[in-house]
Amino acid sequence: MKRILDVKNLQVSLPTPNGDLRAVRGIDLHVNKGEMLCIVGESGCGKSMTSMALMGLLPKRAEVTADAMQFDGMDLLSLSKKERNQVRGMRMSMIFQEPMTSLNPSYTLGNQLCEGIIKHKKVSKDEAKKRAVYLLECAGVPYPEKRLDQYPHQLSGGLRQRVMIAMALMCEPDLIIADEPTTALDVTIQAQILRLIRELQQEFGTAVIFITHDLGVVARIADRVAVMYAGQVVETASAQDLFSDPQHPYTKGLLNCIPVPGKTLPGSHLESIPGVVPSLIGELKGCAFENRCSVSIGECCYRSPSLENHLGSEDHQVRCSIATASSFREAV
Amino acid sequence: MLVFIFRRLLVALSVAITVSIVSFMLLHLSGDLAISIAGPESTAEQVEQIRIDFGLDKPMVYQYFDWLWSAVQLDFGRSYYFQDTVMSLISDRLPVTLTLGGLALGLATVIAIPLGVIAAIKQDTWIDRLALTIAVIGQAMPSFWFGLTLIVVFAVNLHWLPAGGNETWQHFVLPAIALGYYAMPAMMRLTRTGMLEVLNSDYIRTARSKGLNESSVIFKHALRNAVIPVVALAAVELGFMLGGSVVIESVFSLKGLGQLAWDAITRNDYPVVQAVVLIIAVFYILLTFLADVINAMLDPRLRVR
Ligand SMILES: Nc1ncnc2c1ncn2[C@@H]1O[C@H](COP(=O)(O)OP(=O)(O)OP(=O)(O)O)[C@@H](O)[C@H]1O
Ligand SMILES: [Mg+2]
């Protein structure tokens, strides 16, 4: 399958008063054309930093490096500012976590929906509006024509997120990054938005990086999954493999935290992973998950594991010395 | 929008009425006007005569409506001190003050907003520090001193501009600079803080994610939202300059409203004081109304309230 995005060893660090905060510590990622990749991990593990780095939206003081950052054959890091602007917005777009504040309160929705396509594709205002109405309709916004003249404050959060989704689709991008697009919405709306993103992704054949901290969400929409912990990818696999054959202790822990209908009894104790995420300032010695891991051995304290193929397959990779060792034994 | 403007007008009108009552009361409750007009050496008969001549023997409410009716017809009676009607005094002075205030505010805006925007974009660089230094100097320096410095440099030494008077537009240049520099820092700082806040907001991130040019991010998406509090401040500052530019007016011997008010107050010239207070108050109300309308045009959320 053809890769639309291919990232090698992405690192992001932010200067803080206590030293450099290394929020992303060497991430390898790829997204195939038209697929849904879910990045999952708990709060603060660097999911947003990763997506901002991919979009080129990090503040200037953030330092971004990577061995490779290929988007459809282009090296994103070597593009000029203008070329980068062209790619961002036209070929990749983003849906944010906060629908309430992500639209400019002073401009009509029509204006905000159309400005990107007018700039990038040089279409007329009327054509842009037509497309906006069509996409609003696809995104399930009632009375799409009327919306063009409305302002963000006249819409509910769920509707605003639908508008953001339509906006992300305006220029027919190849890749959409959705950073926890349902977290700020209430549960019934969450399910609707989730279904909508999945449907549109399949209908338009757009590749999507869907960021979430909820494995339940992953189970419903992902083609492939990357599990992140403390700024690194600790396991990546197809959704099916990840749920049926998780390898990393952290992934297993996360899976144990999901209540399963029928199995988890009402009122029974819900699992959680004990311990806290290590500080991301400075170097980490050994495996980042070591202090919370139930199967760690002495070696884990000082040896940093690398991302290794599981059972010789590139499609399932794990960053855990113990899992790799046992997989090696199985293979032999 | 029309409904909004209509509602704001009603509010403005009710404030204006309140102000007129207060300014009427202030004078009439501050002592027996007939005595203070007649002067300390007058006899009781003379005081009585004055009371009848000036209508001061009538009931208070009657006097108020009488005065208000004249006032809306721009008839504020005669000055006690200047041998002239109050209206002709004011129509001499008001244009001077309006020109000065308008020029000063225009100058302040033209400098404050771009400077504030640049300072915010270049936060923590030498440009930002320079802008803040310029602002601090403007705030710390007494305006009469800055005015005198301008006179010494540009009028006395260089002979570029006149030192005082209000005959030609050139007479307004130096006082407008002095007054404008006084009004500029607060607007500049407010623009800068507003821009910093807005540039950090989620919708700016959205605008950037659309791949818009930096200029369109800053001028279309950020400035419009950042400038809203600055508009309100500008209205207050202009109102303040109309009433409170006595210092600059005397430094540059401009015959403006400030000077007139000062002269009238020191001479117990009540009709003049009253008229000036009322006119400045009405201007304040108009300016606030205007600022509200401008802000409602900038931000649709303000239109509903
Ligand atoms: N502007 C910032 N300045 C300094 N540190 C930051 C900043 N933004 C985020 N961080 C830190 O960077 C790390 C990664 O943050 P990031 O926002 O990528 O997490 P996340 O995985 O998206 O979490 P969440 O699920 O809460 O959105 C965190 O430790 C966070 O504290
Ligand atoms: Mg986040």
Side-chain angles (χ1 to χ4, degrees), chain A residues 48 51-52 54-61 79 81-109 111-121 149-154 160 163-164 167-168 170-171 173 176-177 179 184, chain B residues 1 3-4 117-128 191 194-232 291-305:
Chain A
S48 297
S51 55
M52 294 298 208
L54 295 176
M55 286 294 285
L57 288 177
L58 285 171
K60 275 188 216 101
R61 61 202 172 85
L79 292 183
K81 219 174 168 181
K82 212 176 147 195
E83 291 166 328
R84 190 74 201 259
N85 263 343
Q86 193 78 18
V87 171
R88 155 172 77 222
M90 181 156 95
R91 304 208 47 202
M92 50 203 286
S93 53
M94 189 151 178
I95 305 167
F96 298 95
Q97 185 172 346
E98 306 84 4
M100 298 313 277
T101 48
S102 289
L103 288 161
N104 192 327
S106 301
Y107 291 95
T108 60
L109 298 175
N111 185 324
Q112 298 184 59
L113 280 160
C114 295
E115 62 181 339
I117 195 170
I118 290 174
K119 186 203 164 210
H120 294 303
K121 300 206 160 173
D149 299 320
Q150 288 191 328
Y151 291 93
H153 72 269
Q154 294 169 299
R160 287 189 215 182
V163 172
M164 289 298 293
M167 191 141 79
M170 280 298 284
C171 293
I176 294 179
I177 301 177
D179 187 358
Chain B
M1 192 71 191
V3 179
F4 169 84
V117 170
I118 294 172
I121 298 172
K122 305 275 177 201
Q123 191 194 4
D124 294 333
T125 62
W126 66 269
I127 301 179
D128 186 20
T191 309
M195 279 302 279
L196 283 178
E197 197 181 309
V198 170
L199 283 174
N200 262 323
S201 67
D202 292 338
Y203 57 83
I204 292 302
R205 192 180 56 186
T206 308
R208 291 222 160 93
S209 82
K210 283 190 256 187
L212 304 178
N213 302 327
E214 194 59 20
S215 62
S216 139
V217 170
I218 286 168
F219 294 109
K220 178 177 172 185
H221 285 279
L223 186 56
R224 178 165 173 167
N225 292 294
V227 92
I228 287 169
V230 183
V231 173
D292 281 351
V293 171
I294 292 176
N295 277 345
M297 290 197 300
L298 291 173
D299 185 346
R301 285 172 302 177
L302 300 174
R303 283 170 217 168
V304 275
R305 267 182 280 136

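Each chain gets a letter, A, B and so on, in the order its sequence line appears, and its residues count up from 1. We use all heavy atoms of the structure for the numbers below, so side chains are in, but hydrogens, waters and symmetry mates are not.
- When only modelled atom types and interatomic distance are considered, B:Asn213 and A:Lys82 share no side-chain donor-acceptor pair under 3.5 Å.
- Scored by the side chain to side chain contact (heavy atoms under 4.5 Å, CB included) test, A:Pro99 finds A:Arg160, A:Gln161, A:Ala184, A:Leu185 as partners (sequence neighbours excluded).
- Counting heavy-atom pairs closer than 4.5 Å to chain B, the top residue among A:Gly89, A:Ser106, A:Pro152 is A:Ser106.
- Nearest heavy atoms, B:Val198 versus B:Tyr203: CG1-OH, 3.4 Å.
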Verdict with supporting geometry, A:Asp179 and A:Ser48, side chain to side chain donor-acceptor pair (under 3.5 Å): CA-CA 7 Å; A:Asp179 187 358; A:Ser48 297; 2.8 Å; yes

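- Partners of B:Asp202 by side chain to side chain contact (heavy atoms under 4.5 Å, CB included), not counting sequence neighbours, listed by chain and number: A:Glu98, A:Thr101, A:Ser102, B:Arg205.
- Neither the backbone nor the side chain of A:Gln154 comes within contact range of chain B, judged by heavy atoms closer than 4.5 Å.
- For chain A, the nearby parts of B:Leu212 are the backbone and the side chain; heavy atoms of each come within less than 4.5 Å.
- Rounding to the nearest 0.5 angstrom, the gap separating the OG atom in B:Ser201 from the CG atom in B:Leu196 is 11.5 Å.
- For B:Asn200, no part sits under 4.5 Å from any heavy atom of chain A, backbone or side chain.
- Neither the backbone nor the side chain of A:Met170 comes within contact range of chain B, judged by heavy atoms closer than 4.5 Å.
- With a threshold of 4.5 angstrom between heavy atoms, A:Met164 approaches chain B through side-chain atoms but not through N, CA, C or O.
- In this view, B:Ser209 and A:Met55, A:Leu57, A:Met94, A:Phe96, B:Thr206 satisfy the side chain to side chain contact (heavy atoms under 4.5 Å, CB included) rule, not counting sequence neighbours.
- The line from CG of A:Leu109 to CE of A:Met167 is 8.0 Å long, rounded to the nearest 0.5 Å.
- When the heavy atoms of residues 221-231 of chain B are compared with those of chain A, the residues falling under 4.5 Å are B:His221, B:Arg224, B:Asn225, listed by number.
- In terms of heavy-atom proximity, A:Pro173 sits nearest to A:Ala168 at CG-O, 3.2 Å.
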